[in-house]
Q: 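Here you go, one structure.
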Amino acid sequence: MTTATTSDSAAVERHDTDEILRLEGIHKSFGAVRVLQGIDMVLHRGEVLGLVGDNGAGKSTLVKILTGFQRADQGRIFLEGEQVRFSSVDDARAHGIETVYQDLALIPQLSIFHNLFLNRELTVGGRLGLLNNKRMRELARQYLTDMGVDIPTIEAPAQSLSGGQRQAIAVARASRREDTKILLLDEPLAAMGAREAALIIDLIKDLSRNRGVSIIVVDHNYTHLFEFCDRVTVIQQGVMTLDQRTADTSLDELMDYMVSQFRQQVATGRAERGH
Amino acid sequence: MFVVAVILFVYFGATSPQFLTEFNIVTLVDFIAPVAVISFGEVMLLTLGEMDLSAGTIFIFMPFVTQALFSAGVPLLVAILITLVVGALIGVVNGLIVVVFGLPSFITTLGTLFALDGIMLVVTNANEATMPTTGTTVEKIFGLGRWSEILWALAMLIVMYLILHRSRMGLHITATGGNRTGAAEAGIPVKRVIVWAFVMSGVLATLVGIIDATRVGTIDPGDPGTTEMFYAMAAAVIGGTATTGGRGTQIGAVIGATVFGILYVGFTLKGINANAFVLILGIAILVAMAVNVQLSRVTQRRGGSKGRRSK
């Protein structure tokens, strides 16, 4: 049903704006398994970058390094031109990098507004004070309206929402702060119907265009990626094998590339792989 | 559950003349208070998806610490404060074993239950002891005053309610119990939250242990405190706290403990065999759990506007 369109050329125009994130030679091993073998990557301000790769190619590890969940063995990360080193998730977040994980970090039993403010709750009377639920409700309602996320009531627990609504809340939470610079989305459209997917795609486009947030999307579905990404990057066996603007390529071309790569791998055998 | 408590209260009040006397109400309250206060700690832990089987043993054991310190010449108030610290440290040990070694809290606290019981028996040589009597207001505050125990229980109810439902810590406890991975990814220090909950459980059991022991006067190491612990756990569960984590209510636990108290005291007054009380307790737990499971299914399907509250 969905046809690949690269008609979002308006988005591509921003391609030459300043870079916000640069990775140089990122390596990461788990024991004898070399998951990442020298990743170089650049992300521009307000750009939506699609990260593609087979299972175990190293995408998730790369994402975890960017979010401070894991540390690279080797390599450098530059944020707005300055070298950074993330010691924890909180540290990466303090640098303006937010993540929405595949397993959805929402708490099923907590209300939508508590989820939106999770671990950044507003209180009366200091950190140990009481929760300022009234203020959090107001801000949550306001914020979701601004984002165009239509939720009947912010009092409902997250478990009562549909998958798409939950994802929207998770994305909204990650981008809530003014100083969110980079948003990492891990399979944001997984297991989602067409209408719900459209909601999330709109949200992503709005964030990148109107708020200048740079977004990295990890996804298996190439069709989706062509709908909202400015650029697509392919990672295979821990190495970046393709990096192209969606305007310069097409879904068919990418699919052909991936299939030929796969055939090659099968032909050369798993033992010989690696670059 | 609240309705059940009211019906039982009215029933016993109407059918046995002694039920509504001040003496009897005090007896009732003395039964309810320790169970309720220990259950506040269990509610915190159950909300996290954890439990503390050693809380009853802490409740029985800690007064011996106060007594020993006092006998060694430490002023009573200081002895009580030191005992509270010891109770907190037992909580730290429980919590650290759970988060560092990744042992289930059921196993961890089963271990500390026996270990504490063993230490208590060895140290006391299985001899009873008498709680300190100084004739000062310290004792009045910590148990000897007629309403002391219930006032402490009420104060603890308010404090623990505010912590669980109105503070960041409480929200983090609910979040950790509801979705541990999600909570960790949001940056909540889940391990620290778990250790804190065990500390709260240890302190609550210690506090109410000292108060209850002071009221009674003698302390007996022959009882490992499992009865109090199981009553507390049952009160929490019957009151609507989910054993699977993510939902907890201390008010529910107080109502649960009150139902037990009314049944216990009411049965005694009516001359019903106390053994029947245990049977009713067992049935009540099963019914409450069955209703609980059904309720959470319904709320999940319907969008659960009653989210964190119980019936």
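Everything numeric here is computed off the predicted structure, so don't read it as measured data.
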Q: Hey, which of A/Arg120, A/Glu121, A/Arg173 has the most heavy atom pairs under 4.5 Å with chain B?
A: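 Heavy-atom pair counts peak at A/Glu121.
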
Q: Residues in ring-ring contact (aromatic ring centres under 6.0 Å, His included) with A/Phe113, at least two apart?
A: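 Counting only residues at least two positions away or on another chain, A/Phe113 forms no ring-ring contact (aromatic ring centres under 6.0 Å, His included).
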
Q: Flag the pair A/Gln109 / B/Asn179 as yes when at least one side-chain heavy-atom distance between them is below 4.5 Å, and no otherwise.
A: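 No, side chains not in contact.
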
Q: Nearest heavy-atom pair of A/Pro108 and B/Gly178: which atoms, and what distance?
A: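 Residues A/Pro108 and B/Gly178, closest heavy atoms: CD-O, 3.9 Å.
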
Q: With sequence neighbours left out, what residues match B/Trp196 under ring-ring contact (aromatic ring centres under 6.0 Å, His included)?
A: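 Expected list: none.
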
Q: If you count every heavy atom of other residues, nucleotides or ligands that lies below 6.0 Å from A/Arg137 atom CZ, does the total exceed 12?
A: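 Atom CZ in A/Arg137 is packed in, count exceeds 12.
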
Q: Which bit of A/Phe69 is near chain B, if near means a heavy-atom gap under 4.5 Å: side chain, backbone, both or neither?
A: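 When you check distances to chain B, only side chain atoms of A/Phe69 fall under 4.5 Å.
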
Q: More than 12 heavy atoms of other residues, nucleotides or ligands under 6.0 Å from CG of A/Asn210: is that the case?
A: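 Count over threshold, so yes.
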
Q: Heavy-atom cut-off 4.5 Å, strictly under: side chain, backbone, both or neither for A/Asn133 against chain B?
A: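 Looking at A/Asn133, just its side chain touches chain B.
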
Q: Under the side chain to side chain donor-acceptor pair (under 3.5 Å) test, which residues partner A/Glu138, sequence neighbours left out?
A: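 So A/Glu138 forms a side chain to side chain donor-acceptor pair (under 3.5 Å) with A/Arg135.
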
Q: Are there residues of residues 88-96 of chain A that reach to under 4.5 Å of chain B by heavy atoms, and which ones?
A: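 Contacts with chain B: A/Val89, A/Asp90, A/Arg93.
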
Q: Test your reading of the model: is there a side-chain donor-acceptor pair from B/Arg168 to the backbone of A/Asn119, 3.5 Å cut-off?
A: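 Indeed, once roles are kept as given, a pair shorter than 3.5 Å links the two residues.
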
Q: Determine the minimum heavy-atom distance between B/Ala175 and A/Leu118, stating which atoms define it.
A: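 Shortest heavy-atom separation between B/Ala175 and A/Leu118 comes out as CB-CD1, 3.9 Å.
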
Q: Rounded to the nearest 0.5 Å, what separates atom CZ in B/Arg166 from atom OG1 in A/Thr123?
A: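 OG1 of A/Thr123 is found 14.0 Å from CZ of B/Arg166.
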
Q: If you draw a 6.0 Å radius around CZ in A/Arg71, do more than 12 non-hydrogen atoms from other residues or ligands fall strictly inside?
A: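 Above 12, so yes.
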
Q: Does CZ in A/Phe30 sit with more than 12 non-hydrogen atoms of other residues, nucleotides or ligands closer than 6.0 Å?
A: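 Counting other residues, nucleotides and ligands, CZ of A/Phe30 exceeds 12 neighbours.
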
Q: Decide if atom NZ of A/Lys181 counts as having more than 12 heavy atoms of other residues, nucleotides or ligands within a radius under 6.0 Å.
A: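 Enclosed.
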
Q: Identify the heavy atoms of A/Leu131 and B/His165 that sit nearest to each other, and give their distance.
A: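 That closest heavy-atom pairing would be CD1-O, 4.3 Å.
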
Q: Hey, mind stepping through B/Met169 and A/Leu128 against side-chain contact (heavy atoms from CB on, under 4.5 Å) and telling me if it holds?
A: CA-CA 8 Å; B/Met169 166 66 89; A/Leu128 294 175; over 6 Å; no

Q: OH of A/Tyr143: more than 12 outside heavy atoms within 6.0 angstrom?
A: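 More than 12 heavy atoms, drawn from other residues, nucleotides or ligands, come within 6.0 Å of this atom.
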
Q: Is the count of non-hydrogen atoms from other residues, nucleotides or ligands lying under 6.0 Å from A/Glu82 atom CD greater than 12?
A: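 Check fails, neighbour count at 12 or below.
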
